[in-house]
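Okay, so here's the structure we're looking at.
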2 protein chains.
Amino acid sequence: MSADKVTIADVARTAGVSKGLVSFALNNRPGVGAETRVRILQVAQDLGWKPSLRARSLSTQRSFALGLVIARNPEVLASDPFFPSFIAGVESILSTERRALVLSVVPDEETELQTYRSLVADGRVDGVFLSDLRHNDARIPLLTELGLPAVTLGRPDGDSPYPAVTVDDTPGVTASVRYLAELGHRRIAHVAGSPNLLHGTRRREAFAAAMAAAGLPEGQTVETDFSVGAGSDATRRLLGQAIRPTAIVYANDPMAIAGLGVAHELGIRIPEDLSITGFDDIDFCRYVFPPLTTVSAAPAVWGRAAATTLLHLMEHGRADDVDLPAARLIIRGSAAPPARH
Amino acid sequence: MSADKVTIADVARTAGVSKGLVSFALNNRPGVGAETRVRILQVAQDLGWKPSLRARSLSTQRSFALGLVIARNPEVLASDPFFPSFIAGVESILSTERRALVLSVVPDEETELQTYRSLVADGRVDGVFLSDLRHNDARIPLLTELGLPAVTLGRPDGDSPYPAVTVDDTPGVTASVRYLAELGHRRIAHVAGSPNLLHGTRRREAFAAAMAAAGLPEGQTVETDFSVGAGSDATRRLLGQAIRPTAIVYANDPMAIAGLGVAHELGIRIPEDLSITGFDDIDFCRYVFPPLTTVSAAPAVWGRAAATTLLHLMEHGRADDVDLPAARLIIRGSAAPPARH
DNA sequence: CTGAAAGCGCTTACAG
DNA sequence: CTGAAAGCGCTTACAG
């Protein structure tokens, strides 16, 4: 393994040039004669030289790594496969770029901000992904102040200097409601996500708008924190009423699956007595019974696009927003016309 | 933000000492007078000096980061909450240590090995977690050759120079079988995990041994890749037989939940007509219907212990194996005495 | 087009 | 107990 110890000095010496020139050749910078460049590169290869990332980091003040910090409570994080899929997408891009992903999982928003600070203080990352956008998200001004490039998953509600990579989830919710309305449902409820999260309120607003558009009375809405347990509780509450909804639109799949469990427990048949829809199209959806009608979000594709955009931003100083195909309704077996009274 | 540009030279100058001495004081090394040390530290604090991690990395040849590379197919990764929980546990330790976690998600084992190579070639990490241990795991000799400290999740089957942090899952499987046997089941099947993974075969062997110990005939076993879809298929196969099992022990929860769906679909009641048990105790277990009897594994605790052990190994050159409390059976509603014929 | 030198910001023998 | 210097392995003005 003596090859591991080859340094730029060795290359320079055996190529008979200065270290500076080797560096220039390596980085494709002008100022090196064509044949000199070829010769240097050849020597580098013969010697098995791999430029030291650490030395490079120190002199360029870059880390060649991207960061993702996730602030979710453990239960939500564990039951929601969004991040594993998203990360797999990100990695599929990074792996070809000699860049690494630094991941932080933190318990709350305060620690989250602190984490960003130390990430840049320690020069761990050159850019970050901003997920789970919140209202007036404090991360955006913080990162701006820190001068850290970023890309947001979805469009923030305030000003943002960062490119947004978006999957519009509104059409999916709208389609869910319309679909249920066309089946004949009138009392449709919504188990909403966290009101702190942009996509929580956005889905909720989409629900309300779609109800109005379908000429239906305002639907009952229950707020949750997106966790399976909260989905279960919300369902129990909705179904425990004297007059209960004939359909429920859930803001994510784990809660819908919990709803399925509650309905089974109460002897309420799905879809005969109650129709439900989810959101995200996690793998479980196809394998519960009845299979869950839901909205697909394609987190891996999102991850790829976000990574590509962030790299572009870092390299060129700017990047366009990208709008991915909107989430769309996947019809399976969990919804049917309401029972006649 | 001029504070960001404070360097060791500034501290040395205003404290009236050499850079070397500042470094010694910072790192609590002997050779600095008590009061000098105090003065230096005071100046450092006044100036707001944060030693540059990058410079430190270059001179110490360390990265102050730990690595986790995950080689799982996307579907299994997404439906299994093991890693999110495990990582949350790891992070809870790292966050107090000014250390980062570098995460890689790769599609196959070949890329996995390549990833370890480049991780050390680039000096990205000082140590790694080895999860999803396989038979004769190629990662162990590779990491040994690369000289990278590591900790294994569970005990490998071959020689290993690394400390193992283990949650024995055998007792959980054994307890599942015994429990079902005591309920009166005789035809118990096992939906096993991947035979490539140590914990897949270990659970399978535990199942076989427990069946024998209970004086039961050899149980039917179906191999899978641990994915929800495979769990569904396996269940369909088992239940499609003329003489079918009255109970099924699944090697993980996602497959058990898929099994629940198949049973519902076929009109097979759980637990009246079929008893099932899972493994891992993911959040969903409590919210499906009937709630899933399963085995708890505590991945977050595992993550904490693994991180602690790895840090200890890196600091002291050695670390003891740690055996965490064995996984234990959590009895809920998915098992009952078999129906009488 | 090329070279020699300084710089990135630490740590670590080596002298005294 | 303390200091001055070299070194980690690159990059980047600055001269020629």
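Proteins get letters first, then strands, A, B, ... in listed order; numbering begins at 1 in each. Predicted model only: the values in this text are computed from it and were never measured.
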Query - Nearest-nucleotide 5' precedence on DNA chain D, B:Thr60 against B:Ala34 - result: B:Ala34
Query raised in the report: Between B:Val151 and B:Leu313, is any pair of side-chain heavy atoms under 4.5 Å apart?
Result: no
Query raised in the report: For A:Phe86, which residues count as a ring-ring contact (aromatic ring centres under 6.0 Å, His included) partner, sequence neighbours excluded?
Result: A:Phe82, A:Phe129
Query raised in the report: Is the number of heavy atoms from other residues, nucleotides or ligands within 6.0 Å of CD (A:Glu110) greater than 12?
Result: no
Report summary line: Assign each of B:Ala55 and A:Gly33 the nucleotide of DNA chain C bearing its closest heavy atom; nearer the 5' end lies the nucleotide of A:Gly33
**Report entry** A:Asn27 side chain vs A:Ser23 backbone, donor-acceptor pair below 3.5 Å
**Finding:** yes
Query raised in the report: A:Arg56 side chain to A:Pro51 main-chain N or O, any donor-acceptor pair under 3.5 Å?
Result: no
Query raised in the report: Just by distance, with hydrogens left out, do A:Ser92 and A:Arg304 show a side-chain donor and acceptor under 3.5 Å apart?
Result: yes
Query raised in the report: A:Val22 near the nucleic acid: base, sugar-phosphate alone, or nothing, with a heavy-atom cut-off under 4.0 Å?
Result: nothing
**Report entry** Side-chain ion pair, B:Arg155 and B:Asp323, N-O less than 4.0 Å
**Finding:** yes
Report task. Output yes when B:Arg318 and B:Asp320 qualify as a salt bridge under the 4.0 Å nitrogen-oxygen rule, no when they do not. Result -> yes
Query raised in the report: Dot-bracket, DNA chain C: Watson-Crick or G-U, under 3.5 angstrom, [ ] crossing, | other strand?
Result: |||.||||||||.|||
Report summary line: Sorted by position of nearest nucleotide on DNA chain D, 5' first, the leading residue of A:Asn27 and B:Thr36 is B:Thr36
Query raised in the report: Between which nucleotides of DNA chain D, read 5' to 3', does contact with chain A run, using atoms under 4.0 Å from its heavy atoms?
Result: D:dG9 to D:dT12
